Amino acid sequence: MARILITSAIPYINGIKHLGNLVGSQLPADLYARYMRARGHEVMFICATDEHGTPAELAAAKASKPVAEYCAEMWQVQKDLSDGFRLSFDKFGRSSSEQNRRLTQYFAGRLAENGFIEEVTESQVYSNADGRFLPDRYIEGTCPNCGYDKARGDQCENCTKQLDPTDLINPRSAISGSTDLEVRETKHLYLRQSLLRERLDKWISSKTDWPVLTTSIAKKWLHDGDGLQDRGITRDLDWGVPVMKGEEPWPGMEGKVFYVWFDAPIEYIAATKEWSDGEGLDDSAWRRWWRTDEGAENVRYVQFMGKDNVPFHTLSFPATIIGSGDPWKLVDYIKSFNYLNYDGGQFSTSQGRGVFMDQALEILPADYWRWWLLSHAPENSDSEFTWENFQASVNKDLADVLGNFVSRVTKFCRSRFGEEVPKGGAYGPGEVEVIRELTERMDAYSAHMEAIEVRKASAELRALWVIGNEYLQEAAPWSVFKEDPDRAAAIIRFSLNLIAFYGAVSAPFIPDASAAMLEAMGADGMGWPDDMEAALKGLTPGRAFTVPENLFRKISDEEREDWQSRFSGVRT
RNA sequence: GGGCCUGUAGCUCAAUUGGUUAGAGCAGAGCGCUCAUAACGCUUUGGUUGGGGGUUCAAGUCCCUCCGGGCCUACCA
């Protein structure tokens, strides 16, 4: 039994996430976690909300709430939605936790002791009206290059030119619109990741099995221009982890907080402590996952994230870990995803475009979304959600291929033999052949799951379902029954066993329907089928079962059109 | 501007990393079945692998070039 640590990129607290966010990290991470647990491995699956930073402060202000209260509420909203999608986190933590505050301060202190922190005095734009420093992109003005009047301080969206806030003509605060801006000097801490460039480069280069998407982004940052740059890890904000050197004050840094991207990855570790604290366990419970000197040397650590998160996970966070000089666990494998587009454009949180997690669950149960999203995961390139494709896939794969199989078998059995596993007859060459095919397919399915090849795994799972229909057609128990009821009994017994088998192996993708299949077959405790022949004899003759409600309903053309128009505009 | 990814059947994607005649699912066509959610099974149509050039005994795969799509470019997170 292996020990697998799995983290999903932590979603920002600011609002409800859309399906693109979901499929980019949390959902595939859940797939992997469920699979690994089913295979009998010990899994620690961690996620959390990323709560600090300017956007959270502004969103709270907009809602007229204290930021802490706003975050607490939004955490609950996101937690409920992740439960709704059956995301099986062992802990869904909060980056604003006490545990993360202490750990973040601890890491900063260690980095300082080891010479990886530099204090830099720099100039920042301060807005008197807003009473705060403004991040570059929160300053708007006229682009000196093209004259676009809504250029942001970091880049002009119109001509794509990179800008410095001081380049802007007639700069104003994007928050209040105030033009009462001034440049002030402020001191910040920089993480000297440039000192670790060669070490990081060597480490990344050794990861030849990582997705190209992951390594190519990392290498770009390592080699572009002058190479990996030092990075500011503090901000002039109220909402965040106060800057401390371990447990000591940091002279000159009073009133400042760590930048969210410094404390957010540390939350992976802190959330594990949140878990063990919540369970009433002592510190060894979480440290055995994270400290290679306290049990984590045989842990396999896998991270899931969208491509936008790759630089922080391949460079900044590892720099934090390595720079601490402590034996913290470094990531072993990074699975990164491209973006999911929505019907010809991008999903957009800020513009409210696309389908959001809460809306999705209002329309259909989680399994429908899980299946479509995972079987279309943007692994090799950006992929696209369209309602036509969604309708076609769900209806065909779930309702017709899998759902209808369960329906035809259980209903036939009920009408001919009653609601118990029929007695009589024996498995013959046909069943042996099917077992051989299933074994072959299962090997491929497992291999793809181990390799986190999500789409390929989904295709193999579907192929497993198809085998059931092929078998049934070939065996034709409805005909055989007339001449040889015992033989028909054996066929149906085998088919009922197939349902239980599907329940077991489909669970990582569609946990609710899988549970329903297992429950109907009275096989709730069924484990992962390692031995196919034994697995398909699990339901013994005479055992009671129930005919489940149809596992999946079909999406009608009217519904599809309705949803299409309902989600064509922007979320209000 | 620079870098990276990508373009394969009407649609969504494969192709063991240069090796037989480029394969699946969906959609389409035909046949079969009647247990089932009009579901299922079998057969089948469909490709100058974005265009052009090159390397090679051999190119979807490598190189050059052009065209299209996307991402990143370090203060959104």
Side-chain angles (χ1 to χ4, degrees), chain A residues 9-14 21 50-56 58 122 124-125 133-139 152-155 160-162 164-165 174 188 193 211-213 215-217 219-221 223-225 228-232 235 259-261 264 306-312 315-316 338-339 341 346 349-350 375-376 378-384 386 388-389 392-393 395-401 403-416 455-456 458-459 462-463 466 468-481 488 491-492 495 549-554:
Chain A
I10 67 179
Y12 198 64
I13 192 68
N14 185 6
N21 297 131
D50 177 14
E51 305 194 359
H52 295 134
T54 308
L58 297 179
E122 54 188 20
Q124 288 273 299
V125 174
F133 284 95
L134 296 176
D136 288 0
R137 73 164 44 198
Y138 282 96
I139 303 159
R152 293 189 321 215
D154 57 341
Q155 186 177 36
T160 73
K161 186 177 172 59
Q162 308 252 347
D164 190 272
H188 282 298
Q193 37 185 25
V212 181
L213 186 64
T215 49
S216 67
I217 291 173
K219 285 183 177 174
K220 171 68 158 69
W221 281 56
H223 300 299
D224 193 39
L228 187 60
Q229 302 295 298
D230 294 340
R231 203 178 168 96
R235 290 293 182 273
Y259 178 38
V260 283
W261 261 114
K307 59 185 166 187
D308 51 334
N309 278 326
V310 168
F312 303 98
L315 305 169
S316 308
N338 284 286
Y339 292 145
N341 290 318
Q346 293 190 342
T349 302
S350 57
S375 62
H376 294 79
E379 289 177 297
N380 294 321
S381 62
D382 292 353
S383 64
E384 177 164 317
T386 64
E388 287 84 357
N389 192 307
S393 298
N395 286 357
K396 193 69 193 175
D397 300 345
L398 296 182
D400 293 347
V401 175
N404 182 55
F405 176 76
V406 172
S407 180
R408 65 196 295 208
V409 170
T410 53
K411 285 175 183 170
F412 180 83
C413 185
R414 180 172 60 185
S415 71
R416 301 297 196 280
R455 298 175 83 124
K456 289 179 182 175
S458 77
R462 186 189 191 280
V466 167
N469 284 309
E470 289 171 352
Y471 165 72
L472 212 55
Q473 184 67 27
E474 171 73 21
W478 47 88
S479 304
V480 173
F481 182 79
I491 294 167
I492 290 303
S495 301
E549 292 295 307
N550 283 344
L551 291 178
F552 302 99
R553 68 180 189 81
K554 293 217 206 187

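What's counted below: heavy atoms across the whole structure, side chains too, no hydrogens, waters or symmetry copies. All chains are named by letter (A, B, ...) in the order of the sequence lines, taking the proteins before the strands, and each is independently numbered beginning at 1. Model, not experiment: these values are computed from the prediction.
Rounded to a whole angstrom, the distance from the C1' atom of B:A22 to that of B:C42 is 24 Å. Here the separation of B:G69 from B:U8, taken at their P atoms, is 14 Å to the nearest Å. Across B:G18 and B:U55, the matching C1' atoms stand 12 Å from one another, rounded to whole Å. Between B:A14 and B:C31, the two C1' atoms lie 29 Å apart (nearest whole Å). Taking atom C1' in both B:U21 and B:A39, the straight-line distance is 35 Å, to the nearest Å. To the nearest whole angstrom, the two P atoms, one in B:U49 and one in B:U20, are 16 Å apart. To the nearest whole angstrom, the two C1' atoms, one in B:G41 and one in B:C62, are 44 Å apart. Nucleotides B:U6 and B:U61, compared at atom P, are 13 Å apart to the nearest Å.
Across all strands shown, B:G32 is found opposite B:C40 as a Watson-Crick or G-U wobble partner, with both distances under 3.5 Å. Base pairing analysis places B:G10 opposite B:C26; the two distances defining the Watson-Crick or G-U wobble pair are each below 3.5 Å. Pair assignment for B:A77: none, as no Watson-Crick or G-U wobble contacts are both less than 3.5 Å. In this structure B:C4 sits in a base pair with B:G70, meeting the Watson-Crick or G-U test at under 3.5 Å.
Judged by distance alone, with hydrogens and angles left aside, the side-chain atoms of A:S383 form a donor-acceptor pair with the main-chain N or O of A:H376 at under 3.5 Å. Judged purely by atom type and a 3.5 angstrom limit, A:Y138 has no side-chain atom pairing as donor or acceptor with the backbone of A:R152. Of the possible polar contacts, none joining the A:S407 side chain to the A:G403 backbone as a donor-acceptor pair under 3.5 Å is found.
Residue-level contact check: A:Q229 touches the bases, meaning some heavy atom is under 4.0 Å from a base atom. No contact: A:L213 has no heavy atom under 4.0 Å from any strand.
A:R455 and A:N380 form no side-chain donor-acceptor contact under 3.5 Å, judged by distance and modelled atom types alone. For A:K307 and A:N338, the side-chain atoms include at least one donor-acceptor pair closer than 3.5 Å.
At the phosphate of B:C76, neither OP1 nor OP2 sits under 4.0 Å from any side-chain N or O atom of A:Y259. At B:A15, one or more side-chain N or O atoms of A:K456 fall inside 4.0 Å of OP1 or OP2 (strictly under the cut-off). Of the side-chain N and O atoms in A:K554, one or more sit less than 4.0 angstrom from OP1 or OP2 of B:A39. When the side-chain nitrogen and oxygen atoms of A:R414 are compared with OP1 and OP2 of B:A36, none of them lie within a distance under 4.0 Å. Checking the phosphate oxygens (OP1, OP2) of B:C40, a side-chain nitrogen or oxygen of A:K396 falls inside 4.0 Å. When the side-chain nitrogen and oxygen atoms of A:Y471 are compared with OP1 and OP2 of B:G41, none of them lie within a distance under 4.0 Å. For B:C76, one of the phosphate oxygens OP1 or OP2 lies less than 4.0 angstrom from a side-chain nitrogen or oxygen of A:R137. Between A:K307 and the phosphate of B:G70, there is no side-chain N or O to OP1/OP2 separation shorter than 4.0 Å.
Rounded to a whole Å, the CG atom of A:D397 is 14 Å from the C1' atom of B:A39. Taking atom CD of A:E384 as the reference point, atom P of B:G69 lies 14 Å away to the nearest angstrom. Taking atom CG on A:N338 and atom C1' on B:U6, their separation rounds to 9 Å, with Å as the unit. Protein atom CG of A:L472 is 9 Å distant from nucleotide atom C1' of B:A36, rounded to whole Å. Rounded to an integer number of Å, the gap from CG of A:N389 to C1' of B:G10 is 13 Å. One atom, CG of A:D230, and another, P of B:C75, lie 12 Å apart when rounded to the nearest Å. Look at CG on A:D308: it is 10 Å from C1' on B:C72, rounded to the nearest Å. Per the geometry, CG belonging to A:D50 stands 6 Å off C1' belonging to B:A77, to the nearest Å.
Closest-nucleotide positions on RNA chain B for A:H52 and A:A399 were compared, and the one nearer the 5' end corresponds to A:A399.
Nearest to the side-chain atoms of A:S479 among the listed nucleotides B:U34, B:A77, B:C40 stands B:U34. The side chain of A:E470 has B:G41 as its nearest neighbour among B:G41, B:G2, B:A74. The side chain of A:N404 sits closest to B:A36 out of B:A77, B:A36, B:C26. Between B:U73, B:C40, B:A77, one nucleotide has an atom nearer to the side chain of A:N469 than all others, and that is B:C40. Which of B:C75, B:C35, B:G41 sits closest to the side chain of A:R408 comes down to B:C35. Across B:A36, B:A77, B:U12, the shortest atom-to-atom separation from the side chain of A:P55 is found for B:A77. When the nucleotides B:C13, B:C75, B:U37 are ranked by their closest atom to the side chain of A:R231, B:C75 comes out on top. When distances run from any side-chain atom of A:N550 to the nucleotides B:C72, B:U37, B:C75, the shortest one goes to B:U37.
A:K396 is listed as a side-chain neighbour of A:R462, based on a closest heavy-atom distance under 4.5 Å. Using a 4.5 Å heavy-atom cutoff, the side chains of A:L472 and A:P477 are in contact.
Judged by atom type and distance alone, A:E122 reaches the base of B:C75 through a side-chain donor-acceptor pair under 3.5 Å. For a distance-only test at 3.5 Å, the side chain of A:Q124 qualifies as a donor-acceptor partner of the base of B:C75. Side-chain atoms of A:D400 stay outside donor-acceptor range of the base of B:A39, with no qualifying N/O pair under 3.5 Å.
Scanning all heavy atoms of the two residues, the minimum distance from A:T386 to A:E384 falls at CG2-OE2, 3.5 Å.
Counted within 6.0 Å of CD on A:E388, heavy atoms from surrounding residues, nucleotides or ligands total more than 12; the atom is thus considered enclosed.
In this structure, A:W478 forms an aromatic stack with the base of B:C35, since both conditions hold: centre separation below 5.5 Å and plane angle below 30°.
Glycosidic conformation of B:U17: syn, with the torsion inside 90° of 0.
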